[in-house]
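Reviewing the structure listed below.
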There are 2 protein chains.
Amino acid sequence: MSTAQGTDSRKALLDATECLLIERGHAALTVRVVAKEAGVNHGLVRYYFTNLDNLLLEAFDRFTNRLFERQRVLYAQDISFIEKWRTAMDDLEIEDREAGYGKLWLEMQSMAWNKPELKERLQEVNRGWRTILTDAFTHAMNDYGIDTQRFPVDAVVSLVMTFNFGLQLEAIGGTTDGHEALLEMIDQQLQLAENAKDPVTHQE
Amino acid sequence: MSTAQGTDSRKALLDATECLLIERGHAALTVRVVAKEAGVNHGLVRYYFTNLDNLLLEAFDRFTNRLFERQRVLYAQDISFIEKWRTAMDDLEIEDREAGYGKLWLEMQSMAWNKPELKERLQEVNRGWRTILTDAFTHAMNDYGIDTQRFPVDAVVSLVMTFNFGLQLEAIGGTTDGHEALLEMIDQQLQLAENAKDPVTHQE
DNA sequence: AGCACCTTTATACAGATGTCTAATAGTAAA
DNA sequence: TTTACTATTAGACATCTGTATAAAGGTGCT
């Protein structure tokens, strides 16, 4: 089989890697453990990835590519800012934060802290988000008539990115106190701004 | 000697643990590596800590105790809100974020994600900060005359905590774009609020 | 000196870990 | 069927890892 590169075993190993990152963290990954989780002979790690570091790197790449795809999709949508915001926030629902996706993201991050190759890739992803957000917020703040002298776009973008990262971090750490309140507060403020822009749609 | 518990070797092992967490991450810690970094026979790990997990746990405890001490000190100071804010922010200067302290903090966090015993301790620290911030912000927002209906204290506290965590996370990941701008923006807004409260001190 | 006590060392050992090899099973074309 | 190639397997190897033990070193006290 294998049109390009993707025998079942290969994919199984990548999937198992993600699964174990979520369940046990990157410190617990070994060739044999991953292979066992994948239900595959441990020799195949060498066969497909030559070594463990490379398997991790490919898993990392597959993950970041998925992120890039999300970015692309979100960027392409021709919807209002508040809709984009809500879509993005729903995407990272609090329940999800505690579950797999957020954990995987943070484990990937913490892997990268000590591996320069991964670190660069991570920075690309970061820059990607920043680009999208900067563009979206530039338009939105203009629409809402917000003083970008007093609230520079890059500062606002940083605030949004960092508080989202922080939400993930806290949630994985087991704390979600105030998270809902925060997201509600922001949504309400956005709604107010939206209504002020276009008084017709006023609801409540 | 050892009045209570603290032969040089014992402390050296704890110090080495922190050092290696900063330089290589928790995945790279082994009994022999830590002992070597501490310049100490690896048998002493067993002698003082019985096993590696316990050494990590004690290093973790020592670290969180240091955090609690910081909290206590900050809380005890009888200074204005804006001064507290600036002190706290200076404490976590951007340059420092990239260096040891922030890295250590995040490595401790990511260790805790996969170890329930540590996770609880971490949540205590988190609650500690939240308590202090909640108290400080309750007073500050009252002083500044901010509508706590529209901006609930716990939402604001969450925003502040999460964006600070996010700053750390991004900085360790190698990105500090917009960080200065964000901190400046906040500081200016605080200064405005401060001036509005007490027009006498108006400066600029 | 002898003695007791805490600290340190060197070494041992079973099991895990990363890497590698040689043999086998499977599959599709000739 | 034979052939050629890919996929998979079981096992071997040196090294690393956590843990344990027994002996030695050091220090102060009697």
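All values reported here derive from a predicted model rather than from experimental measurement. A note on names: the letters A, B, ... follow the listed sequences, proteins ahead of strands, and every chain is numbered from 1.
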Notebook entry, point to check: Are OP1 or OP2 of D:dA7 and a side-chain N or O of A:Ser9 less than 4.0 angstrom apart?
Noted result: no
Note to self: Whole angstroms only, please: what is the CG-C1' distance between A:Asn41 and D:dT8?
What the structure shows: 7 Å
Next item on the list: To the nearest Å, give me how far apart CZ (B:Arg10) and P (C:dC6) are.
Entry: 15 Å
Show me the donor-acceptor pairs within less than 3.5 Å that the side chains of residues 27-41 of chain A make with the rest of the protein, sequence neighbours left out.
unit_1: A:Thr30; atom_1: OG1; unit_2: A:Val33; atom_2: N; d: 3.1
unit_1: A:Asn41; atom_1: OD1; unit_2: A:Gly43; atom_2: N; d: 2.8

Check: Just by distance, with hydrogens left out, do B:Arg130 and B:Ser158 show a side-chain donor and acceptor under 3.5 Å apart?
Finding: yes
Check: When we call it a touch if two heavy atoms are under 4.0 Å apart, what does B:Phe49 touch: a base, just sugar-phosphate, or nothing?
Finding: nothing
Check: For the pair made of OH in B:Tyr47 and P in D:dT19, what is the distance, rounded to whole Å?
Finding: 18 Å
Note to self: Nearest whole Å is fine: how far is C:dC20 C1' from A:Arg46 CZ?
What the structure shows: 5 Å
Item checked: Separation of C:dG18 P from A:Asn54 CG (nearest whole Å) -> 14 Å
Note to self: If you apply the rule salt bridge (charged side-chain N to carboxylate O under 4.0 Å, His left out), what do you find for B:Lys11 with B:Asp15, and how did you get there?
What the structure shows: CA-CA 6 Å; B:Lys11 185 169 176 304; B:Asp15 292 342; 2.9 Å; yes
Margin query: Rounding to an integer number of Å, can you tell me how far A:Lys36 NZ sits from D:dT9 C1'?
Written below: 17 Å
Check: Taking atom P of D:dT19 as reference, at what distance in whole Å does atom OH of B:Tyr48 sit?
Finding: 18 Å
Dump the pairs, protein N or O against N or O of nucleotides 12-18 of chain D, anything under 3.5 Å, distances to one decimal.
unit_1: D:dG18; atom_1: OP2; unit_2: B:Val31; atom_2: N; d: 2.7
unit_1: D:dG18; atom_1: N7; unit_2: B:Arg32; atom_2: NH1; d: 2.6
unit_1: D:dG18; atom_1: O6; unit_2: B:Arg32; atom_2: NH2; d: 2.7

Next item on the list: Specify the separation, in whole Å, of atom CG of A:Asp8 and atom C1' of D:dT6.
Entry: 14 Å
Next item on the list: Give a yes or no on whether a salt bridge exists between B:Arg127 and B:Glu124, defined as a side-chain N under 4.0 angstrom from a carboxylate O.
Entry: no
Next item on the list: Assess whether side-chain contact (heavy atoms from CB on, under 4.5 Å) is satisfied between B:Arg10 and B:Leu44, documenting all intermediate values.
Entry: CA-CA 8 Å; B:Arg10 196 190 148 83; B:Leu44 292 183; over 6 Å; no
Note to self: Checking A:Glu23 against B:Asn114: is there a side-chain donor and acceptor pair closer than 3.5 Å?
What the structure shows: no
